[in-house]
Amino acid sequence: MRIVTWNVNSLAVRMERVTEWIELFSPDVLCLQETKLGNDAFAHDVFEELGYESAHHGQGQWNGVAIISKVGLDDVRPDFDDGRGEPDPDARILWATCGGVRIASCYVPNGRSLDDDHYTYKLDWLDRLAADLDTNTSPADDLCIVGDFNIAPDDRDVYDPAGMIDMTHTSQAERDKLANLADWGITDLFRQHHDEAGLYSWWDYRNGDFHKRRGMRIDLLLGSASVADRTHRTFVDRNARKGKQPSDHAPVVADLR
DNA sequence: ATGGTAGCGCTGCTA
C-alpha cells in the first residue's frame, strides 16, 4: 500500500501534473494540501475516471486539503474533534479510513514569525491535532498522519540551520510539539530509512533554491508502530519539482507491506 | 544583493 503526501500549491494550476503523477506512481492513497479550492470546484470526477474516490475540505483562495484513495474512503471527517467545540477557522485537516488505515491530510499553519499571532495559532493547532488523536484513536491503531507540517524536525532537514535559529519551521517549541506526537506513538516514517542531511521536500521558488539544493524537509508521514513496521521504503520524488509550473513541494512516498 | 517567485485576484497578502 502506497501512501503519499503532496502540497500542490493550487490544485487548479497543478491538476494536469497531479493526474500525470498518479498514472506514473499509482498511489493507493494520495493526500493533498493547499488545494486553494472551494468544495464546489474540486473535480471528484477526474479522479473517479482514474479509479479513485476522493474527499475534499476546502475554503477557496487559501488552504484546502484532500484525500484521494483507490483502497476505500470511509468515515470521512473534516476539521478537529477534540472536545473544544469550536471549528478551525481554516480548512487544514481531513480524516478518512483507507485500506484499514486511519489517515489525516494536514496543512499545519506556517507560523510566519515567532512574534506573530499565526505562530501561536500554529502551536495551538498542533495541540488540537494531538487532542484529536487522543480522543478518537489509539497508538495501537493503524494510523498515518501526513501532510505539510511546516516544521523541519531537526537540523539535517534545513539547508542553513545556523541562519534559521529562532525562526518558524525550526524553533524548539514547534519541534517539541512534533516530539510530543512521537511520544504519543506516531513517528517520522522517512527517517526509518534515511539518516542523511539534505533530503528536502520543499524549496523556495525564489533565487533558484531548488537548483542550489537549498530547501527543507517539512512534508512528513507520521505512522503508528504497526504502520512503521509495515513501511519498507520511503522516498521524495524530486522530479516532481522540475519542469514547467511545479509546486514548490515534492511528493513524499511511503510504501507499506 | 535586505532582493527574489508563485498564486490569488485585483491590492496586497500569503507562502
Side-chain angles (χ1 to χ4, degrees), chain A residues 5-21 30-43 46 56-66 87-94 105-126 129 146-153 157-171 173-175 177-178 200-220 236-252:
Chain A
T5 184
W6 192 7
N7 179 323
V8 292
N9 187 15
S10 170
L11 186 56
V13 172
R14 228 65 68 194
M15 196 62 181
E16 197 173 320
R17 287 191 74 119
V18 170
T19 56
E20 284 173 3
W21 196 91
L30 174 59
C31 296
L32 303 179
Q33 300 86 37
E34 278 204 272
T35 61
K36 297 184 176 179
L37 295 176
N39 283 331
D40 292 345
F42 188 90
V46 175
H56 180 242
H57 174 43
Q59 66 183 76
Q61 196 172 14
W62 289 313
N63 310 309
V65 285
D88 186 348
D90 294 346
R92 294 183 177 274
I93 185 164
L94 179 65
S105 178
C106 304
Y107 179 43
V108 178
N110 174 290
R112 298 176 193 163
S113 63
L114 301 205
D115 59 357
D116 196 300
D117 287 345
H118 207 253
Y119 181 74
T120 310
Y121 170 51
K122 179 182 200 172
L123 297 180
D124 184 60
W125 199 97
L126 293 161
L129 173 59
V146 312
D148 177 359
F149 278 76
N150 274 313
I151 303 171
D157 303 313
V158 185
Y159 72 91
D160 181 17
M164 288 201 63
I165 292 167
D166 289 334
M167 293 177 75
T168 183
H169 298 80
T170 61
S171 71
E174 60 199 280
R175 284 177 169 173
K177 299 294 185 192
L178 213 48
Y200 306 134
S201 65
W202 169 86
W203 301 261
D204 199 305
Y205 284 120
R206 296 169 287 189
N207 304 316
D209 276 5
F210 177 71
H211 300 285
K212 293 176 184 167
R213 297 183 174 271
R214 297 158 66 96
M216 288 195 281
R217 190 178 70 91
I218 56 177
D219 299 274
L220 310 176
V236 177
D237 178 32
R238 293 181 78 258
N239 286 326
R241 183 63 175 77
K242 301 177 184 175
K244 191 183 173 211
Q245 277 192 301
S247 170
D248 45 353
H249 297 252
V252 187

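Convention: sequence-line order gives letters A, B, ...; per-chain numbering from 1. Keep in mind the model is a prediction, meaning the values are calculated, not measured.
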Pairwise [atom1] distance for [N] and [M], with rounding to whole Å:
N     : M      : atom1 : result
B:dG3 : B:dC13 : P     : 16 Å
B:dA1 : B:dT11 : C1'   : 27 Å
B:dG4 : B:dG9  : P     : 24 Å

Counting heavy atoms from C-beta on, name the nucleotide in [options] closest to the side chain of [X].
X        : options               : answer
A:Tyr107 : B:dA15, B:dC8, B:dG4  : B:dA15
A:Asn110 : B:dG7, B:dA15, B:dG4  : B:dA15
A:Arg112 : B:dA6, B:dC8, B:dT14  : B:dT14
A:Gln61  : B:dA15, B:dT14, B:dG9 : B:dG9

Please check if any side-chain donor atom of A:Trp62 sits under 3.5 Å from a side-chain acceptor atom of A:Asp90, or the reverse. no
Checking A:Asp248 against A:Arg241 for the side-chain contact (heavy atoms from CB on, under 4.5 Å) test, could you report, in this order, the C-alpha distance in whole Å, the side-chain angles of both residues, the deciding distance, and whether it holds? CA-CA 7 Å; A:Asp248 45 353; A:Arg241 183 63 175 77; 4.3 Å; yes
Would you classify A:Phe210 as touching base, sugar-phosphate or nothing, given that sugar-phosphate means primed atoms plus P, OP1 and OP2, and contacts are heavy atoms under 4.0 Å? nothing
Need to verify one output field. Residue with the more 5' nearest nucleotide on DNA chain B, A:Gly60 or A:Glu34? A:Gly60
Please compare A:Asp204 and A:Lys36 by the position of their nearest nucleotide in DNA chain B and report the one closer to 5'. A:Asp204
Can you tell me the distance, in whole Å, between the [atom1] atom of [X] and the [atom2] atom of [N]?
X        : N      : atom1 : atom2 : value
A:Asn9   : B:dA15 : CG    : P     : 11 Å
A:Met167 : B:dT2  : CE    : P     : 17 Å
A:Lys122 : B:dT14 : NZ    : P     : 15 Å
A:Asp209 : B:dG4  : CG    : C1'   : 9 Å
A:Trp202 : B:dG7  : CH2   : C1'   : 15 Å
A:Arg14  : B:dA6  : CZ    : P     : 10 Å
A:Trp203 : B:dA15 : CH2   : C1'   : 16 Å
A:Lys212 : B:dT5  : NZ    : P     : 11 Å

Does [N] have its OP1 or OP2 closer than 4.0 Å to a side-chain nitrogen or oxygen of [X]?
X        : N     : answer
A:Arg206 : B:dA6 : no
A:Gln245 : B:dT5 : no
A:Ser10  : B:dA6 : no

Of all the heavy-atom pairs spanning A:Asn239 and A:Arg17, show the shortest one and how long it is. O-NH2, 4.2 Å
Return yes if some donor-acceptor pair links the side-chain N/O of A:Lys122 with the main-chain N/O of A:Thr168 below 3.5 Å, else return no. no
Give a yes or no on whether A:Glu16 atom CD has more than 12 heavy-atom contacts from other residues, nucleotides or ligands under 6.0 Å away. no
Quick one, A:Glu174 and A:Tyr119 - any side-chain contact, counting heavy atoms below 4.5 Å? yes
